[in-house]
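Working notes for the structure below.
Model, not experiment: these values are computed from the prediction. Below, read A as the first sequence line, B as the second, and so on, with proteins coming before strands; counting in each chain starts at 1.
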There are 2 protein chains.
Amino acid sequence: MYNLESIEQRLAEQGYRITPSRLAVVEATLEHSGHFSVDDILGRLPGVGRATVFRTMKLLSQMGILCRVLLENGSLRYRVSHRRDHHHHLVCVSCGSVEELDACIAAGAIDNLARSTGYDIEGHWLEFYGRCGPCRSGEA
Amino acid sequence: MYNLESIEQRLAEQGYRITPSRLAVVEATLEHSGHFSVDDILGRLPGVGRATVFRTMKLLSQMGILCRVLLENGSLRYRVSHRRDHHHHLVCVSCGSVEELDACIAAGAIDNLARSTGYDIEGHWLEFYGRCGPCRSGEA
DNA sequence: TAGACTAATGATACCAAGTCTCAATTGCCC
DNA sequence: GGGCAATTGAGACTTGGTATCATTAGTCTA
Ligand SMILES: [Mn+2]
Ligand SMILES: [Mn+2]
Ligand SMILES: [Zn+2]
Ligand SMILES: [Zn+2]
């Protein structure tokens, strides 16, 4: 859905400079289908500085091109996103593939929760973990 | 709901030794009403080693006395738990107080999700963030 | 097409949270 | 009180991420 050229164009439109390091990071992230860490990218790009990889991935996250995926143990990963609005993930704990879910099941509950607790509810985290079909049948 | 003596007793029942360091960590956690980090505890207990604080808080978590609270930025905190079964949290981003919620709003959605995605869903993270009543009125 | 100007880079130090190792200590049970 | 395994804590290490800052290099303008 994304390619290097379209992202390059969006970066330029928003006033960001097109640098070899940025493009290298974009290219490396586009190669991943599941979730990945910053160090996965770093490992493939020995010429690019650590800080630059972090900065670029933060920038891509802010632009909605990447999103952060929370793993079961609490650590954070990244993945190329195909949704720019609020959504959640279903992560396969076996192969790492990630489904982006369309409906936010928390939305309906938030009003009730606000009423019953007296809180003003501003945000939430929600991620699901499981095993995808291929992984289940592949192991039998 | 918990006090030092009852926890000491549970530790002994389960075959754990009662040591000054353990009791100091337990005592320090019981003083907190909201969420806290391991370093919050460490800071109050200069005589206790870093590894021991981590080990003790992990042990208390396994026993259901503490639970892990996920913050909005993805970092993990701890809090004294009053529920031993599956539950989620509503965290005040202003004062840090934590409500433990009784119903799991994800439970109902999981069957649908499993059917529509073909995943076997084994777990989830869910946390809510907001501002509690006192914090909202206190700031006007 | 050459500056100029500013954004971006990357080496490096730092930080936060947590694990690992291992020799020394100490609860616990007899 | 003694034996022994559980526990401790100093310290090195890991992972994920931020702050600093001198140097480099895109981009815009003339
Ligand atoms: Mn996503
Ligand atoms: Mn809890
Ligand atoms: Zn949602
Ligand atoms: Zn739940």
Task: A:Asp39 and A:Ser37 side chains, donor-acceptor separation under 3.5 Å - done: no
TODO: Would you mind telling me which of D:dA10, D:dA25, D:dG17 lies closest to the side-chain atoms of A:Phe54?
DONE: D:dG17
TODO: Could you tell me whether the phosphate oxygens of C:dG18, OP1 or OP2, come under 4.0 Å of any side-chain nitrogen or oxygen in B:Lys58?
DONE: no
- [ ] Remember a base hit wins even if backbone is also touched, and classify B:Thr52 as base, sugar-phosphate or nothing at under 4.0 Å, heavy atoms.
- [x] base
TODO: Decide yes or no on salt bridge (charged side-chain N to carboxylate O under 4.0 Å, His left out) for A:Glu100 and A:Arg79, but give the supporting numbers first.
DONE: CA-CA 10 Å; A:Glu100 298 194 292; A:Arg79 101 153 220 138; 3.7 Å; yes
Open item on the list: Looking only at the side chain of A:Arg17 (C-beta and beyond, no hydrogens), which of the listed nucleotides D:dG11, C:dT6, D:dA5 gets closest?
Closed with: C:dT6
- [ ] Could you check which of C:dA8, D:dG17, D:dT15 has an atom nearest any side-chain atom of A:Arg22?
- [x] C:dA8
Open item on the list: From the set D:dT7, D:dG17, C:dT19, return the single nucleotide nearest to any side-chain atom of B:Tyr16.
Closed with: D:dT7
TODO: Determine: side-chain N/O of B:Ser21 to OP1/OP2 of D:dT7, distance under 4.0 Å, yes or no.
DONE: no
Open item on the list: I want to know whether B:His87 and B:His82 have ring centres closer than 6.0 Å.
Closed with: no
TODO: Hey, which sits more toward the 5' end of DNA chain C by its nearest nucleotide, B:Arg68 or A:Val48?
DONE: A:Val48
Open item on the list: Quick one, A:Tyr119 with B:Ser97, criterion side chain to side chain donor-acceptor pair (under 3.5 Å). Give me CA distance, side-chain angles, the key distance, then yes/no.
Closed with: CA-CA 11 Å; A:Tyr119 275 61; B:Ser97 70; 3.2 Å; yes
- [ ] Consider the side chain of A:Pro20, meaning its heavy atoms from C-beta on, and name the nucleotide among C:dA11, D:dG26, D:dG9 that approaches it most closely.
- [x] D:dG26
Open item on the list: Categorize B:Gly47 for me: base, sugar-phosphate, or nothing, with a 4.0 angstrom heavy-atom threshold over every strand shown.
Closed with: sugar-phosphate
- [ ] Consider the side chain of B:Leu76, meaning its heavy atoms from C-beta on, and name the nucleotide among C:dC20, C:dG18, D:dG26 that approaches it most closely.
- [x] C:dG18
- [ ] Just compare D:dG16, D:dG9, C:dC28 and give me whichever is closest to any side-chain atom of B:Ile18.
- [x] C:dC28
Open item on the list: Base of C:dG10, side chain of A:Arg50 - is there a donor-acceptor contact under 3.5 Å?
Closed with: no
Open item on the list: Heavy atoms from C-beta onward define the side chain here; which of C:dA8, C:dG10, D:dG17 lies closest to that of A:Arg55?
Closed with: C:dG10
- [ ] Select from B:Ala12 and B:Ser37 the residue whose nearest nucleotide in DNA chain C is closer to the 5' end of that strand.
- [x] B:Ser37
Open item on the list: Is A:Thr19 close enough to C:dT9 that one of its side-chain N or O atoms is under 4.0 Å from OP1 or OP2 there?
Closed with: yes
Open item on the list: My understanding is that only one of A:Glu99, A:Glu127, A:His124 makes a side chain to side chain donor-acceptor pair (under 3.5 Å) with A:His88; could you say which?
Closed with: A:His124
